[in-house]
Amino acid sequence: MKKLSRRFYTRDTLTIAKNFLGKFIVRKWRGKKIIGKIVETEAYIGPGDKASHAFRNKRTSRNKAEYLIGGHIYIYLVYGMYWQFNISTSAKGKPECVLIRALEPIFNNRNPKSQIPNPNKIPNPNFQNLKEIKNLANGPGKLCRYLKLNKSFYGEDMAGSKRIWLESNGEKIKKSDIVAAPRIGIDYAGKYWSKIPWRFYLKGSPFISRI
DNA sequence: GTACAGATTGAG
DNA sequence: TCAATCTGTACT
């Protein structure tokens, strides 16, 4: 497993949104590691993107983390109760980010590669069935609960943090295994921007938020 | 000070 | 399909 460095986060945002798929979020919490494989993302590319919080270079105290160099966490609350976990992308001063929308929970860190293809056989005795496991992180609010994330992570640097980072197991996701679709919950952005296919997910994964 | 949106979720 | 839910944000 290789930790992802700054170089990974400073590239083109759509490329990163696709390359996040299949990577592992590692969260150190109370001496343990909570791990999830990213299976669903969305790109938000301000200032041109009407669905972005940084549309027209809007700057507020909430969204300022979007302007940081790639790799920093932009986390905020929606509906008064759900956290949304974003990672800033591209160069400093460009308000671009990727929303992490769903994770496949990983319970055994010894050989992540071997256990990925068969979600029906995840060896965790704490859970009885796939339905229970899916329910842990198949949505942007739920995955923050699973990873124990809150506002204290605002602006945290994924390339330097000791409590959250990304790892790669070297697996190359085939282009044909990535589905591009319209982003969720942004109808307010109008016909064009709510239809543009900047949501990406792993084809056939049972752990995505919705079809 | 205060109105109000909201990148959701879970139940039906 | 639909409404509960409630805090931070962005305005006055």
Side-chain angles (χ1 to χ4, degrees), chain A residues 9 13-14 16-21 23 25 36 38-68 70-90 94-105 127-156 158 164 178-202 205-211:
Chain A
Y9 300 102
T13 297
L14 290 176
I16 297 170
K18 286 179 265 193
N19 285 354
F20 272 162
L21 299 176
K23 299 298 187 290
I25 298 183
I38 299 173
V39 297
E40 180 179 343
T41 63
E42 281 178 5
Y44 287 86
I45 307 180
D49 177 0
K50 202 173 175 192
S52 165
H53 292 157
F55 180 53
R56 292 181 178 152
N57 271 316
K58 186 177 175 187
R59 274 178 195 264
T60 64
S61 56
R62 177 174 77 158
N63 77 1
K64 64 187 178 203
E66 284 199 84
Y67 290 83
L68 299 173
H72 289 82
I73 294 175
Y74 169 38
I75 190 166
Y76 67 92
L77 201 61
V78 279
Y79 301 107
M81 60 186 111
Y82 302 114
W83 294 102
Q84 305 289 291
F85 177 59
N86 299 254
I87 301 173
S88 74
T89 51
S90 80
K94 292 179 98 179
E96 309 186 7
C97 67
V98 173
L99 169 69
I100 309 299
R101 282 193 56 89
L103 303 176
E104 171 180 338
F127 296 96
Q128 294 303 310
N129 54 50
L130 178 61
K131 195 177 164 189
E132 262 182 291
I133 298 166
K134 278 200 287 196
N135 202 32
L136 290 172
N138 61 343
K142 291 169 169 183
L143 74 86
C144 287
R145 197 169 55 196
Y146 173 70
L147 293 173
K148 317 283 185 194
L149 300 179
N150 55 43
K151 189 149 193 183
S152 77
F153 284 82
Y154 191 91
E156 185 115 345
M158 300 279 290
I164 187 165
I178 298 176
V179 180
R183 294 172 292 179
I184 305 290
I186 52 155
D187 288 345
Y188 62 84
K191 268 217 166 67
Y192 179 78
W193 290 104
S194 64
K195 292 280 189 290
I196 199 164
W198 286 356
R199 171 182 179 230
F200 304 99
Y201 60 87
L202 286 182
S205 170
F207 298 98
I208 62 174
S209 62
R210 58 175 88 173
I211 299 296

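In what follows, chains are A, B, ... by sequence order, proteins preceding strands, each numbered from 1. What's counted below: heavy atoms across the whole structure, side chains too, no hydrogens, waters or symmetry copies.
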Pair Lys142(A)-Asn138(A), side-chain donor/acceptor within less than 3.5 Å: yes

Sugar-phosphate only, base, or nothing, as touched by Arg183(A) at under 4.0 Å among non-hydrogen atoms: nothing

For atom CG of Asn150(A) and atom C1' of dG8(C), their distance in whole Å: 15 Å

Touch class at under 4.0 angstrom, heavy-atom based, for Glu42(A) against every strand present: nothing

Asn86(A) CG to dT8(B) P, straight-line distance once rounded to whole Å: 11 Å

Presence of Thr60(A) side-chain N/O under 4.0 Å of dA10(C) phosphate oxygens OP1/OP2: yes

Listed nucleotide nearest any side-chain atom of Pro140(A), set dT7(C), dT9(B), dA10(C): dT9(B)

Interatomic distance, Lys50(A) NZ vs dA7(B) P [rounded to whole Å]: 14 Å

Phosphate OP1/OP2 of dT8(B) contacted by Arg101(A) side-chain N/O (<4.0 Å): yes

Shortest side-chain distance from Ile186(A), nucleotide among dT8(B), dA7(B), dT7(C): dA7(B)

Touch class at under 4.0 angstrom, heavy-atom based, for Arg199(A) against every strand present: nothing

Candidate nucleotides dA10(C), dG10(B), dA7(B), ranked by approach to the side chain of Arg145(A) - the nearest: dG10(B)

Residue among Thr89(A), Val98(A), Thr13(A) satisfying side chain to side chain contact (heavy atoms under 4.5 Å, CB included) with Ile45(A): Thr13(A)

Residue among Glu66(A), Lys58(A), Arg62(A) satisfying side chain to side chain donor-acceptor pair (under 3.5 Å) with His53(A): Arg62(A)

Nucleotide of dG8(C), dA7(B), dT9(B) approaching Leu77(A) most closely (side-chain heavy atoms): dG8(C)

Counterpart base for dT5(C), defined by Watson-Crick or G-U wobble contacts under 3.5 Å: none

Length of the OH-C1' vector between Tyr74(A) and dG8(C), whole Å: 11 Å

Interatomic distance where OH belongs to Tyr188(A) and P belongs to dA5(B) [whole Å]: 13 Å

Met81(A) side-chain proximity, nearest of dA7(B), dG8(C), dT5(C): dT5(C)

Tyr79(A) aromatic ring stacked with six-membered ring of dT8(B), 5.5 Å and 30°: yes

Sugar-phosphate, base or nothing in reach of Leu99(A), heavy atoms under 4.0 Å: base

Matching residue for Ile38(A) among Phe20(A), Phe207(A), Tyr201(A), Phe200(A) - test: side chain to side chain contact (heavy atoms under 4.5 Å, CB included): Phe20(A)

Side-chain N or O of Lys151(A) closer than 4.0 Å to phosphate OP1/OP2 of dT9(C): yes

Value in whole Å for how far the P atom of dG6(B) lies from CG of Asn63(A): 13 Å

Length of the CH2-C1' vector between Trp83(A) and dT9(C), whole Å: 12 Å

dC11(C) and dA7(B), which share atom name P, separated by this distance in whole Å: 15 Å

Whether Tyr76(A) stacks on the six-membered ring of dG8(C) base, 5.5 Å and 30° limits: no

Residue pair Gln84(A) / Tyr82(A), side-chain donor-acceptor N/O under 3.5 Å: no

Whole-Å distance separating the CH2 atom of Trp193(A) from the C1' atom of dA7(B): 15 Å

Polar side chain donor-acceptor pair, Glu40(A) to Ser209(A), under 3.5 angstrom: yes

